[in-house]
Amino acid sequence: HPRVWQVGPAFAHPSVRASRSAHPMLRWFRGAVLGTARNPRVWQRAAFASRRRPCTAKDDDRGDSAQAHRALDLFLVNASPAATREVDVFLKMHDRSPLDVFLLDSLRSVLVSSGAFRDEWVAFAKGAQKKYRANSASQGWLQFRAFGGADAAPALASIAVDACGAGAVARMGVARIDHVLSPATAAMLRTFILAERDACAEVAAADKATWAELFSRVLSPTDVGTAPPTTRWDLRLPWEPTVRVAVHEMLSGQLGIAFRDLNGGEGGGDDAVLWECAAVISARGSAPQIVHGDTLFSPGAVMHTAFVALQNIERHQGPTRFVPNTHHGDTGKQAHQALADDVGTSGGHSDTAGVQYCDAAESVVALLAVGDCTLYDSKVHHCGGPYLDTPQTTASMPPPSQPEERILFYVSFRHPDAESTTNADKHGDGSIRTELALRRLRLGELRGPAADAST
């Protein structure tokens, strides 16, 4: 999400970015390896045990990235002599390809012959991926508790029907707009999404290479454990009639005007390109996400997203938490730096998993009714909450009558003047089907009446 456009390349070389979605593991790998590499003890061990010569200027001339060399250093700590010899042979080749391409092709089993290195490299990547997922879920729980849990934050208030949604987003980074979808349309879309999720999961299980085309990476897809089930999905949606009708309906009123105004107003806002069209599905037991922005901090607008509830969302169902005013100005810049410092990703030595940042932050949660939405700036800090067990009920609090899965349908539009949509690989590829991304639908085409849903 961030999520056919590349928000954070698996490695730096452009030829690698061009084939980024060929292997679903790659969407995790950069964060997994670099997350492991932040531990100074790991790097001390790697520096001591690495059997590969250090990166030289000659290596840089070949197009090798620093990330690729770091990943290889970590791999060589425990690599077999046979695998090490294969690496040495490759590095000494006069006309070798960039190291990034070699490592990527090895994961994809493309143009790299079977042998000790390829087998050990794939196993190493899988182990890094598994550790990264577990660490992400553990960090999410620490941050969730630092925020005060499910009941501490106030609910995000909705704006008035005649209010300027764009103004609220510009000021706070997020706004709640009610009734953008009718209950009937939301119900039809919800049924379609669940059926599509099940069908796509079946296809991906038979052909793992298709997973990256049908699903996007989502933070904390599983909770902490040895073999936990998947409880959160980011499903890229096909441009089918049910989806088209819903998009036209939600953009035909206040939400569509807000999108236009945020992307340049009447002078060009309708030129904003549809950048994402997907749904986040959370099942009971899903872990909280780590706090993040969908794009890196920058002075100008990058992207805006609308999350639309397809059922009522209560506190125990993991409503989205937002930290207002973290999207612009000095306050936003300082907030992004503070979070990076707190989780140890900015080059410093702090590694408190973001607990200090979350403990000090003032947040709101999006408790939505069916058809309501949150519209937010891609830079504002936010996270999905955990889907907890149904709370105990009393005579004054009737039991909630909710569907099992919590579904947020979402669309994003990239600002016409945005220079970059990178988010340092927080989410991976853009959450949009390739065939839909290639159409480059613009906001103005989608704000028309639902009768023109053939667009």
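- Residues Val243 and Cys277 are in side-chain contact: their nearest non-hydrogen atoms beyond the backbone lie under 4.5 Å apart.
- With respect to the salt-bridge test (charged N to carboxylate O, under 4.0 angstrom), the residues Arg190 and Glu196 do not qualify.
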- Yes or no on side-chain contact (heavy atoms from CB on, under 4.5 Å) for Thr326 and Lys379, after CA distance, side-chain angles and deciding distance? CA-CA 7 Å; Thr326 55; Lys379 301 186 296 293; over 6 Å; no
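- The CD1 atom of Ile313 sits 5.0 Å away from the CG atom of Leu368 when rounded to the nearest 0.5 Å.
- Remark: the Ser216 side chain and the Arg236 side chain contain an N/O donor-acceptor pair separated by less than 3.5 Å.
- In summary, the aromatic rings of His304 and Phe259 are positioned with their centroids too far apart to meet the 6.0 Å limit.
- To the nearest 0.5 angstrom, Leu142 atom CG is 7.5 Å from Gln139 atom CD.
- Proximity of a side-chain donor or acceptor of Gln143 to a complementary backbone N or O of Val291 within less than 3.5 Å is detected.
- Here the rule is side chain to side chain contact (heavy atoms under 4.5 Å, CB included) with Pro324, and of Met172, Glu362, His381 only Met172 fits it.
- When all heavy atoms are compared, the tightest approach of Glu249 to Ser182 is OE2-N, 2.7 Å.
- Note: Arg217 CZ to Arg232 CZ = 13.0 Å, rounded to the nearest 0.5 Å.
- For Arg176 (side chain) and Leu367 (main-chain N/O), a donor-acceptor pair under 3.5 Å exists by modelled atom type.
- Contact detail for Arg197 and Phe215: the closest heavy-atom pair is O-CZ, 3.9 Å.
- A donor-acceptor pair is defined here as one N or O able to donate and one able to accept, closer than 3.5 Å; no such pair exists between the side chain of Arg414 and the backbone of Val273.
- Side-chain contact check for Glu213 and Thr434: at least one donor-acceptor pair (N or O, by modelled atom type) lies under 3.5 Å.
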- Item | Derivation of the side-chain contact (heavy atoms from CB on, under 4.5 Å) call for Thr320 and Thr374 | CA-CA 9 Å; Thr320 308; Thr374 53; 5.6 Å; no
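- Between Ser158 and Asp178, the side chains place a donor N or O and an acceptor N or O closer than 3.5 Å (distance only, hydrogens not considered).
- Within the 4.5 Å cutoff, the side chain of Leu443 has heavy atoms near those of the Leu251 side chain.
- Between the side chains of Thr305 and Ser412, a donor-acceptor pair is found at a separation under 3.5 Å.
- Aromatic ring orientation, His382 versus Tyr376: tilted (interplanar angle from 30° to 60°).
- Looking at residues two or more places apart in sequence or on another chain, you find no salt bridge (charged side-chain N to carboxylate O under 4.0 Å, His left out) involving Asp261.
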- Val308 and Asp372: side-chain contact (heavy atoms from CB on, under 4.5 Å), yes or no, with the steps? CA-CA 6 Å; Val308 185; Asp372 296 348; over 6 Å; no
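- When side chains are defined from C-beta on, Leu274 counts as touching Leu436, because their heavy atoms get closer than 4.5 Å.
- Closest approach of Val380 and Gly173 over heavy atoms only: CG1-O, 3.8 Å.
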- Message: If you apply the rule side-chain contact (heavy atoms from CB on, under 4.5 Å), what do you find for Met303 with Asp377, and how did you get there?
- Response: CA-CA 6 Å; Met303 187 176 69; Asp377 187 298; over 6 Å; no
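- Side-chain contact check for Leu441 versus Leu446: some heavy-atom pair is nearer than 4.5 Å.
- You'll find the ring centres of Phe307 and Phe409 outside the 6.0 Å limit.
- In summary, the side chains of Ser282 and Gln317 do not present any donor paired with an acceptor at a separation below 3.5 Å, with no hydrogens or angles considered.
- Separating the CD1 atom in Ile193 from the CG atom in Asp198 is a distance of 12.0 Å, to the nearest 0.5 Å.
- Taking 4.5 Å as the limit, some side-chain heavy atom of Val411 sits within range of a side-chain heavy atom of Val247.
- Phe297 and Gly332 get closest at one heavy-atom pair: CE1-C, 3.6 Å.
- In this structure, Arg433 contributes its side chain and Leu214 its backbone to no donor-acceptor pair below 3.5 Å.
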- Given ring-ring contact (aromatic ring centres under 6.0 Å, His included), test Phe117 with Phe102 step by step and report yes or no. CA-CA 11 Å; Phe117 168 73; Phe102 176 68; 5.1 Å; yes
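- Counting all heavy atoms, side chain and backbone alike, Trp275 lies closest to Ile432 at O-CG2, 3.6 Å.
- With hydrogens and angles left out, the side-chain atoms of Tyr357 and Asp341 include no donor and acceptor closer than 3.5 Å.
- Closest approach of Leu262 and His415 over heavy atoms only: O-CD2, 3.4 Å.
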- Could you go step by step and tell me if Ser65 and Asp100 meet the side-chain hydrogen bond (donor to acceptor under 3.5 Å, both in side chains) rule? CA-CA 7 Å; Ser65 72; Asp100 306 66; 2.5 Å; yes
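- With a 4.5 Å cut-off on side-chain heavy atoms, Phe147 and Asp359 do not count as touching.
- Side chains of Gln311 and Arg406: a donor-acceptor N/O pair is absent below 3.5 angstrom, by distance only.
- Side-chain atoms of Gln254 never come within 3.5 Å of backbone atoms of Ile177 as a donor-acceptor pair (strictly under, hydrogens ignored).
- Side-chain contact between Asp389 and His316: absent, with no pair of heavy atoms (C-beta onward) separated by less than 4.5 Å.
- A donor and an acceptor atom, one from each side chain of Tyr410 and Ser431, are located under 3.5 Å apart.
- In this structure, Gln289 contributes its side chain and Gly384 its backbone to a donor-acceptor pair below 3.5 Å.
- Residue Phe124 holds its CZ atom at 9.0 Å from CG of Leu72, rounded to the nearest 0.5 Å.
- Looking at Phe322 and Ser363, their side chains never come closer than 4.5 Å, going by heavy atoms from C-beta outward.
- Atoms NE2 and CG, on His327 and Asp294 in that order, are 13.5 Å from each other to the nearest 0.5 Å.
- Looking at His292, its side chain does come within 3.5 Å of a backbone N or O of Ile290 through a donor-acceptor pair.
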